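So that the names make sense, note that chain A is the first sequence line, chain B the second, and so on, each numbered from 1. Not measured: the values here are computed from a predicted model.
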There are 4 protein chains.
Amino acid sequence: MRQRDDNKRLALLEATLELVTEQGFSATSVAMIARRAGVSPGTLYIYHEDKDALLVSTFLDVCDRLIDTALGQVDEHLVLREQLRRVWVALFEVALASPRLFRFYDMFSHSAWMTDELRERNDQRLAPLLEALAEGQRQGLIKPVGLALLEAFLFRPIHHLVQSSGCHPFEPDSASIDMAFAMAWDAVALKHCASQESVS
Amino acid sequence: MRQRDDNKRLALLEATLELVTEQGFSATSVAMIARRAGVSPGTLYIYHEDKDALLVSTFLDVCDRLIDTALGQVDEHLVLREQLRRVWVALFEVALASPRLFRFYDMFSHSAWMTDELRERNDQRLAPLLEALAEGQRQGLIKPVGLALLEAFLFRPIHHLVQSSGCHPFEPDSASIDMAFAMAWDAVALKHCASQESVS
Amino acid sequence: MRQRDDNKRLALLEATLELVTEQGFSATSVAMIARRAGVSPGTLYIYHEDKDALLVSTFLDVCDRLIDTALGQVDEHLVLREQLRRVWVALFEVALASPRLFRFYDMFSHSAWMTDELRERNDQRLAPLLEALAEGQRQGLIKPVGLALLEAFLFRPIHHLVQSSGCHPFEPDSASIDMAFAMAWDAVALKHCASQESVS
Amino acid sequence: MRQRDDNKRLALLEATLELVTEQGFSATSVAMIARRAGVSPGTLYIYHEDKDALLVSTFLDVCDRLIDTALGQVDEHLVLREQLRRVWVALFEVALASPRLFRFYDMFSHSAWMTDELRERNDQRLAPLLEALAEGQRQGLIKPVGLALLEAFLFRPIHHLVQSSGCHPFEPDSASIDMAFAMAWDAVALKHCASQESVS
DNA sequence: GATGAATGAGTGTTCATTCAT
DNA sequence: CATGAATGAACACTCATTCAT
């Protein structure tokens, strides 16, 4: 008997990621995904219950790759600002290497497949980062506002910038990323005059 | 594709807006839209060339309602900060009144139907607002950064906050909106110590 | 706008009757039925919710044709034995004219689609005939036994005989039918010696 | 298609019997049968050439169990009427013990898988019983009619009664079975007035 | 012999679109 | 202009069968 092949599982996730970001959810058929993954349509259903389950699995895989990238930079020995800067840099680097990751994440999370359950799962996986922010608030470094606001100004802009969609391009070179992060930091930091050099 | 009955045209746009935000693009069939709008599927094709054209028309309608809301607050006689604050407040008000507007905008703009052409059209419609920002940069009020960055920190967060999606709710009362706007302003403003009271 | 076409509805029922009796339920695809009926697969779904509903509708149509044939012979002015004889003759005639009718009836009624609800419906349609039998029992003409037994000996044998399946052929000519009916009558009749000539 | 493990062979037949009577032929997949039998789909093909062969084998197994039950009661030392009565009683007992047997028999024999070849095989297996009837005809006990008619009134009603399908239940207790058999006997017997007490 | 992953043709069903009325 | 019946290609999914292990 053949063993279940992890290569096939990954090939299906990768094919889904590619095709959905190229053509969109509705234009991507199960048959196309199977062909691109090099398996037959029937095989797809050994690894995934149905098309919806495949999309969700792909989303979870994408989320984990992004979240692992971010969490890999959380290091309690560094000051908060430096931790966050490294998270930013790491995410821009992964966006350069695999532009589809953020694209798929955004497509899925704005689709009708997105659920609160999935949102909560990701939030829990991000707990170390969110805890670092909470600690920053307790230390008076971060504005004492709700998590929704911190997310909106710290993380959301990343999604906008890495897709650099449309008319106003953003070139993610080292200097640009530093400037972008400085703006994020200004938004969330409880500032003292001395810190103003962040924009110098 | 003559347009005789404007009621029917609007009913179709409204039905599309409702159904797509409820069920998603792929789960929304032309027949469902027609039924919700109170017309027959055949009639739909008198007003719209095909399903794609209907989705794009709905998107343009949604964009115009949001853009008009924003532009309605641009008033050269006010200082830039106040203009932007009014834009923020107006957008939150419209989000409360018609939550589907932002939801549809985000769903569509992250879908495969979004094109650079559409993005550019919206940018041109937003010209007065973008021009006000450019003037602010010339006056040394706004950080001298590219438009992508200003968008990312001034407008993107609004989309995040009005959907208040998921675990971290954002209650858009007057105080919360002011605080949120203060963060946006801190992100983009070229600050002097005196302005620090924005977070007080 | 086109009107719903009763010819199409009937053509679908007839095509189903033909194909199922020729090939069986599982070997008969929806596409085959549609082609035989001269419509497209999609059209089938305008007239029937799904394949199951089409099969049930065909069954009901078949039942009604058989039941109407039988009930057409019920005439209170005739003695019971003559009424039943006419029912028998009429059913054999319809079996000769449309052999598929009994074949489909039996195939369906022994399949997993058969339900008590359908059985009850047919029983209610047959009420006049069953009532005549009950009256016969009150008059001492028919053995005072349950309906299941009367059915088993009066009607079930018809199904067996009209299909004349297999090795022991039954030629439904006038004399044979009369003999067969005599046997059915002997089974259910509360007999007196005088009636013995029924087998003469 | 070697047979090594007779347990597996029997488990497959039993699983087929159960699933087909529960769900019908088309709803019963090879994978379901294998799972119910506790083997893998591949193993099934060691014991049976394909699905059709499995169904036919199950049918033959069911036929043999029913035919053996009937033939076990044929005893030339008894008068014909008593022989037939014992056949009836035995078949009702097996129907009570294994209701699926008659159900499967009827489902299969009304399906498109039924062939004249199978019918003939069963007929040959039933030869002793049919021969007893022929002998009865020669002795003037049984009406001198074709085998089709004798089958229709002697055996067909059993199938109807043991399934007791639908609205008119038949309780197969000893008295009811005797009454039912009396009706069958009346149908086929060449009667003399003296025998009338059968309905007393 | 036994397994179950793999296959791909085939299924029932949907749906954007057309067109006779 | 308006209708909704009709279409048929395309879809997601199943399943009898094979075969590498």
Side-chain angles (χ1 to χ4, degrees), chain A residues 1-5 8-9 26-35 38-55, chain B residues 1-5 8 26-35 38-55, chain C residues 1-6 8-9 26-35 37-55, chain D residues 1-5 8 26-35 38-55:
Chain A
M1 112 185 132
R2 287 202 203 90
Q3 282 312 312
R4 217 135 139 168
D5 185 346
K8 289 208 175 67
R9 214 194 94 250
S26 18
T28 300
S29 74
V30 167
M32 288 168 63
I33 295 172
R35 197 177 318 120
V39 302
S40 89
T43 302
L44 188 151
Y45 288 87
I46 295 172
Y47 292 86
H48 301 278
E49 188 170 339
D50 55 17
K51 192 191 185 186
D52 285 5
L54 171 60
L55 294 177
Chain B
M1 201 179 122
R2 302 282 156 56
Q3 268 113 307
R4 265 301 174 81
D5 186 341
K8 288 208 177 70
S26 20
T28 300
S29 73
V30 168
M32 286 169 65
I33 294 171
R35 196 178 318 122
V39 303
S40 89
T43 304
L44 188 149
Y45 285 84
I46 296 169
Y47 292 84
H48 300 277
E49 187 170 339
D50 57 17
K51 193 193 185 187
D52 286 4
L54 171 60
L55 293 176
Chain C
M1 118 187 128
R2 286 201 204 94
Q3 283 311 312
R4 218 135 138 167
D5 185 347
D6 213 46
K8 289 209 175 68
R9 212 193 96 252
S26 17
T28 302
S29 74
V30 167
M32 288 168 62
I33 295 172
R35 196 177 319 121
V39 302
S40 87
T43 303
L44 189 151
Y45 287 86
I46 295 170
Y47 292 86
H48 301 278
E49 189 169 339
D50 55 17
K51 193 192 185 187
D52 285 6
L54 171 59
L55 293 176
Chain D
M1 201 178 124
R2 301 284 155 54
Q3 267 113 307
R4 264 301 173 82
D5 186 343
K8 288 208 176 74
S26 17
T28 300
S29 73
V30 167
M32 287 170 66
I33 294 171
R35 196 178 317 120
V39 302
S40 89
T43 303
L44 189 149
Y45 286 83
I46 295 169
Y47 292 84
H48 299 277
E49 187 169 340
D50 56 17
K51 192 192 186 185
D52 285 3
L54 171 61
L55 293 176

Take D/Ser29 and A/Met32, find for each the nucleotide of DNA chain F with the closest heavy atom, and name the residue whose nucleotide sits nearer the 5' end. A/Met32
List in numerical order all residues of residues 46-54 of chain A for which some heavy atom is under 4.0 Å away from an atom belonging to DNA chain F. A/Asp50, A/Lys51
By the 4.0 Å heavy-atom rule, please label A/Val30 as base, sugar-phosphate, or nothing. sugar-phosphate
Looking for any heavy atom pair under 4.0 Å, which part of the strands does C/Ser26 touch: base, sugar-phosphate only, or nothing? nothing
Phosphate OP1/OP2 of [N] contacted by [X] side-chain N/O (<4.0 Å):
X	N	value
B/Lys8	F/dC1	no
B/Ser40	F/dA2	no
C/Thr43	F/dA5	no

Using heavy-atom distances to pick each residue's nearest nucleotide on DNA chain E, tell me which of C/Ala27 and B/Ala31 is more 5'. C/Ala27
Both C/Thr28 and A/Gly38 contact DNA chain E. Taking the nearest nucleotide for each, which residue is further toward the 5' end? A/Gly38
Please collect all side-chain hydrogen bond (donor to acceptor under 3.5 Å, both in side chains) contacts where either partner lies in residues 43-55 of chain A, sequence neighbours excluded, each pair once. A/Ser40-A/Thr43, A/Asp52-A/Trp113
Based on Watson-Crick and G-U pairs with both distances under 3.5 Å, what dot-bracket line describes DNA chain F 5' to 3', crossing pairs as [ ] and inter-strand pairs as |? .||||||||||||||||||||
Out of curiosity, C/Leu54 CG to C/Ile33 CD1, how far, rounded to the nearest 0.5 Å? 5.0 Å
Take atom [atom1] of [X] and atom [atom2] of [N], then tell me their distance rounded to the nearest Å.
X	N	atom1	atom2	result
A/Gln3	E/dA5	CD	P	7 Å
C/Tyr45	F/dG4	OH	P	23 Å
B/Ile33	E/dT17	CD1	C1'	14 Å
A/Leu44	F/dC15	CG	P	16 Å
A/Asp5	F/dT21	CG	P	11 Å
A/Arg4	E/dG4	CZ	P	11 Å

Does C/Arg35 reach the main-chain N or O of C/Pro41 with its side chain, forming a donor-acceptor pair under 3.5 Å? no
Which residues satisfy the side-chain hydrogen bond (donor to acceptor under 3.5 Å, both in side chains) test with B/Lys8, sequence neighbours excluded? B/Asp5
Which atom pair, heavy atoms only, marks the closest approach of C/Arg9 to C/Asp6? NH1-OD1, 2.6 Å
